[in-house]
Every structure is written in C-alpha cells, then in structure tokens.
Amino acid sequence: MAQALVDLEAVAVNTRMLRRAAGDAGLMAVVKANGYGHGAIEVARTALANGATWLGVATTDEALALRAAGVDAPILAWLYPPDGGLADTLAARINVTASSVHALETIAATAQRHGRVAHVHLEADTGMSRGGASVSEWPQVVSAARELEKRGALRVVGLWSHLAVAEAPDDDGVNQQLRDFGEFRQSALAVGLAPEVVHIANSTAVLRLPESRFTLVRPGLALYGIEPMPGVVYGLRPAMTVSARVLRTTRVPAGTGVSYGWHHVTDRETTLAQVPLGFADGVPRAASGRAVVWVRGHRVPIVGWITMDQIVVDVGDLPVRAGESVTMFGPGDRGEPTALEWAEWADTIPSDILSGIGSRMRRTYLPPERPARLAGEI
Ligand SMILES: *Cc1c(COP(=O)(O)O)cnc(C)c1O
C-alpha cells in the first residue's frame with residue numbers, strides 16, 4: 001500500500017559526483033542503517049559499480065549482511081559489543097575499528113585463535129567526544145597496535161576520525177579537527193604504522209573541504225542525494241520517493257473533529273482522505289499540524305495527529321478518489337515535498353527522516369540504465 005521507490009540511477013550519479021569531488025582519494029560509500037533507509041545491498045552494489053572502493057557500516061551485523069548477500073568489497077564496521085564477539089566478522093574479512101589497547105588485544109586474541117590476521121582501522125577522537133582514542137590515549141594505542149602487527153595478529157589498514165562541526169558556517173572548528181587529525185596521523189607513522197587509508201571526511205567535508213580528503217572519503221547522506229550543507233546546492237539528486245494510495249475519501253461538514261483528541265477541527269465543508277502511512281512507516285509524528293503531502297499536483301495538509309499506520313489529509317474540493325497516489329516526499333522537482341522539508345516540519349535532520357522509513361514499507365527500485373556502460377564511464 002505504501003512504497004519507497006528508490007532511484008538507483010540517482011545513487012549512481014551521486015556516487016560519480018562524489019568520486020570526482022574526492023580527487024585522488026578513494027570513496028567509502030556509507031550504507032549503514034539499511035543504506036539510510038534505501039536498502040543497503042542495492043545501494044552498495046550501485047555505489048561499487050560507479051566508483052566506490054569501500055563500504056562503511058555502523059555495526060558488524062550490518063557488515064555480515066552485506067557479505068551474506070555476496071558483496072565482496074572491503075567493508076569497515078565501527079561498532080561491536082565491548083567484549084568483541086568478532087570471530088564471524090574477522091572470518092568474513094570485515095575491517096573493524098579499534099580505539100583502545102583493550103579493543104586491540106581482544107581483536108588480536110580472536111584473530112590468533114582462528115588463525116587469521118585482523119584488519120583494523122584505529123579511531124582518533126578529534127572532537128566528537130563519542131568514539132576514538134583521545135590525544136592522551138593515542139600513544140599507547142598506536143604502540144600496542146604496532147606490537148600486535150609485528151606479532152602477525154593484525155594489520156593496521158586505516159586511521160580515521162569523525163568531524164563534529166563540518167556543517168558549521170565558520171571553519172575554525174573543522175580546521176582545528178583537521179590539524180589535530182594530521183597530528184594523530186604523524187604519531188602513528190612515527191611508531192612505524194603504515195596505514196593504506198586515512199579518512200575523516202563525511203558528505204559535507206568531501207564537497208567543501210579539499211584538505212579533509214586524505215586518502216579516503218566517507219560520505220553517506222550525499223550518496224542518497226540530500227544536500228548536506230544547509231543553504232548550499234551541489235546538484236545532488238534525491239533517490240527516494242515515498243508514496244501511498246488513498247484508501248477512501250469522505251465529505252465532511254465544518255466543525256468535524258479529526259484524529260486522536262480532535263486536535264484538528266474542519267473550518268469548512270471539505271473532503272478528507274485516509275492514507276495508509278503512519279509513524280511506524282517513518283512519517284514523523286512530530287510533524288503533525290505542519291506537514292503537507294502531494295496529491296494531484298497540489299500540496300495538501302495532513303490534519304490531526306499522525307497515527308501509527310495512517311494519516312488523514314484534507315484535500316478540500318480536489319476530486320481525489322480511492323486509489324490515487326499521495327506522495328510524502330520525493331526529489332521535489334514536480335513540486336512534491338522533500339526529505340529536507342519533512343526534517344524541518346519534524347524539527348530534525350534529513351538523515352533521521354530517511355533512516356526512519358520503516359521496514360513495513362515496500363521498497364521498489366528503478367535500476368540504473370545500462371549499468372555496465374555507466375560503470376565503464378568512470
Ligand atoms: C554516518 C557516518 C558517516 C556519513 O556521514 P554523512 O554526514 O551522512 O555523510 C561517516 N562516518 C561515520 C563514522 C558515520 O557514522
């Protein structure tokens with residue numbers, strides 16, 4: 001009844017644009033959270049066919065799901081339980097993050113128990129205060145990593161950090177983070193580590209901060225076509241359109257209460273449409289009273305509370321009938337709302353809207369045309 005139509009051609013075009021923006025750096029396509037709601041496997045395949053060289057996910061389970069689907073590219077996962085449990089992950093040749101001596105020892109022990117060499121990316125904290133080793137912890141982390149590397153338990157494939165303030169209008173914070181990252185890198189090289197990839201750039205940084213690219217960039221949101229820098233247009237193409245069909249319409253008089261609590265009361269005679277899209281599908285309840293949808297070429301308001309499975313739309317005197325398509329958001333070029341507008345109505349960010357698109361929603365794909373030729377054009 002409700003569907004998310006994913007335009008993989010848009011993902012392909014965005015990937016190639018990011019690839020050009022990355023210059024000589026490689027491109028890690030971030031496909032965590034089911035590819036920001038778009039479908040991790042489909043997005044991964046499309047990105048890899050269009051120039052991505054790595055895949056990034058949050059959890060090791062997400063990485064294992066990609067391997068189970070036959071995706072063979074290098075994958076980095078940055079989250080796993082504190083006690084490790086990484087045997088399957090290492091067996092599947094998934095790169096894991098470490099930011100403490102304890103994590104390195106856990107990884108090395110698992111690898112040696114199973115006769116493997118773990119591939120590790122060391123994470124430095126340059127200002128997120130979330131994950132990553134601090135400046136004071138870093139010397140022990142890099143020396144321990146080098147020792148375990150010499151013993152053949154692991155290989156330090158990468159060094160990375162995450163930007164906290166890439167989107168801030170003034171660049172002082174992000175420049176400080178980049179300088180600090182450069183220092184973390186120097187001290188890693190000084191103990192003899194020789195990482196193949198060094199990475200910090202998210203979507204915004206890839207597009208606007210050439211000095212953030214190092215040897216690999218790590219965009220997520222931009223792959224899906226959402227402009228990551230407020231107020232700046234780089235020409236990305238939104239990939240997802242969410243729509244549903246009207247189940248029924250009803251003509252009601254002025255003074256009719258709508259949805260839970262009757263927080264909305266009609267101010268005139270009008271037509272209400274019942275649409276099977278709710279907060280369990282990712283329509284944020286917080287947007288109640290503000291959001292509009294697109295029907296028959298018009299923007300019409302959702303009225304009353306958004307409920308778990310349904311919304312009520314006031315279509316006025318438009319001749320809307322059961323079966324007609326209602327668009328929650330899309331690329332915006334026909335006048336339909338965008339994920340960015342939904343984020344504003346719900347007082348959140350577009351990544352929250354996209355990754356919130358529920359598992360109940362059927363995903364359908366527009367395959368890129370001539371993917372082989374497109375891949376060959378890079
Ligand atoms: C989500 C995430 C990204 C991608 O960020 P965008 O802003 O969506 O480009 C990159 N790196 C890490 C560690 C992340 O968690």
Side-chain angles (χ1 to χ4, degrees), residues 10-11 14-15 17-19 21-22 25-38 40 43-44 47 52-63 66 74-80 94-99 103 120-133 157-168 173-174 177-178 181 184 197-210 212-232 234 236-240 339-340 343 348-357:
V11 174
N14 297 330
T15 305
M17 198 235 244
L18 289 161
R19 169 93 221 208
L27 176 64
M28 177 185 284
V30 177
V31 298
K32 63 188 178 183
N34 195 26
Y36 290 48
H38 294 64
V43 171
T53 48
W54 277 80
L55 298 171
V57 288
T59 68
T60 48
D61 283 349
E62 292 177 313
L66 288 167
I75 304 176
L76 172 64
W78 41 87
L79 302 179
Y80 51 87
I94 291 157
N95 289 243
V96 293
T97 283
S99 57
V120 174
H121 295 226
L122 301 179
E123 184 187 3
D125 182 11
T126 55
M128 269 299 273
S129 307
R130 186 176 70 172
V157 173
L159 300 180
W160 72 281
S161 186
H162 196 53
L163 294 170
V165 286
E167 289 79 24
V174 73
Q177 284 199 270
L178 294 176
F181 188 49
F184 277 105
V197 290
V198 177
H199 47 108
I200 191 169
N202 64 356
S203 295
T204 310
V206 182
L207 292 167
R208 69 184 280 257
L209 299 165
S212 73
R213 290 165 198 159
F214 292 88
T215 62
L216 185 68
V217 298
R218 224 171 49 229
L221 189 62
L223 279 180
Y224 307 98
I226 307 297
E227 299 287 353
M229 181 69 190
V232 183
Y234 291 99
L236 296 159
R237 261 165 73 175
M240 189 189 281
L340 186 59
T348 184
I349 56 172
S351 294
D352 187 8
I353 301 294
L354 296 178
S355 64
I357 295 303

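On a predicted model such as this, the values are computed, not experimentally measured, just so you know. Read the numbers this way: they start at 1 and go in the same order the structure lists the ligands and their atoms.
By the 3.5 Å distance cut-off applied to N or O atoms, Pro219 is not counted among the residues near ligand 1. Distances between N or O atoms of Tyr36 and those of ligand 1 include at least one value under 3.5 Å. The distance criterion of under 3.5 Å between nitrogen or oxygen atoms is not met by Ala222 with respect to ligand 1. Taking distance alone, with nitrogen or oxygen atoms compared against 3.5 Å, Ser351 stays at or beyond that limit from ligand 1.
Taking CZ of Arg19 as the reference point, atom CG of Asn14 lies at 15.0 Å (rounded to 0.5 Å). Summarising the geometry, atom OH belonging to Tyr36 is positioned 11.0 Å from atom CD1 belonging to Ile226; distances are rounded to the nearest 0.5 Å. Taken to the nearest 0.5 Å, the OG1 atom of Thr53 stands 5.5 Å off from the CG atom of Leu216.
Between the Arg208 side chain and the Glu167 main chain, no donor and acceptor come within less than 3.5 Å of each other. For Ser161 (side chain) and Ile200 (main-chain N/O), no donor-acceptor pair under 3.5 Å exists by modelled atom type.
Among protein heavy atoms, atom 9 (O) of ligand 1 sits closest to Ser203 OG, 2.5 Å. If you check which protein heavy atom lies closest to atom 2 (C) of ligand 1, you get Lys32 NZ, 2.6 Å. Of the protein's non-hydrogen atoms, the one nearest atom 10 (C) of ligand 1 is Arg218 O, 3.3 Å.
The residue Tyr224 has no part lying near ligand 1, judged by heavy-atom distances below 4.0 Å. Contact annotation for His162 and ligand 1: only side-chain heavy atoms (C-beta onward) come within less than 4.0 Å of the ligand.
Every atom of ligand 1 with a heavy atom of Trp160 under 4.0 Å away is listed here by number and element: 13 (C). Every atom of ligand 1 with a heavy atom of Leu221 under 4.0 Å away is listed here by number and element: 6 (P), 8 (O), 9 (O).
Counting only non-hydrogen atoms, the option in Leu163, Asn202, Leu223 that gets closest to atom 7 (O) of ligand 1 is Asn202.
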Next item on the list: Please test His162 against Trp78 for side-chain contact (heavy atoms from CB on, under 4.5 Å), starting from the C-alpha separation and ending with a verdict.
Entry: CA-CA 11 Å; His162 196 53; Trp78 41 87; over 6 Å; no
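Side-chain contact between Phe181 and Leu163: absent, with no pair of heavy atoms (C-beta onward) separated by less than 4.5 Å.
With respect to Leu55, the side-chain contact (heavy atoms from CB on, under 4.5 Å) criterion is satisfied by exactly one of Ile75, Asn95, Leu76: Ile75.
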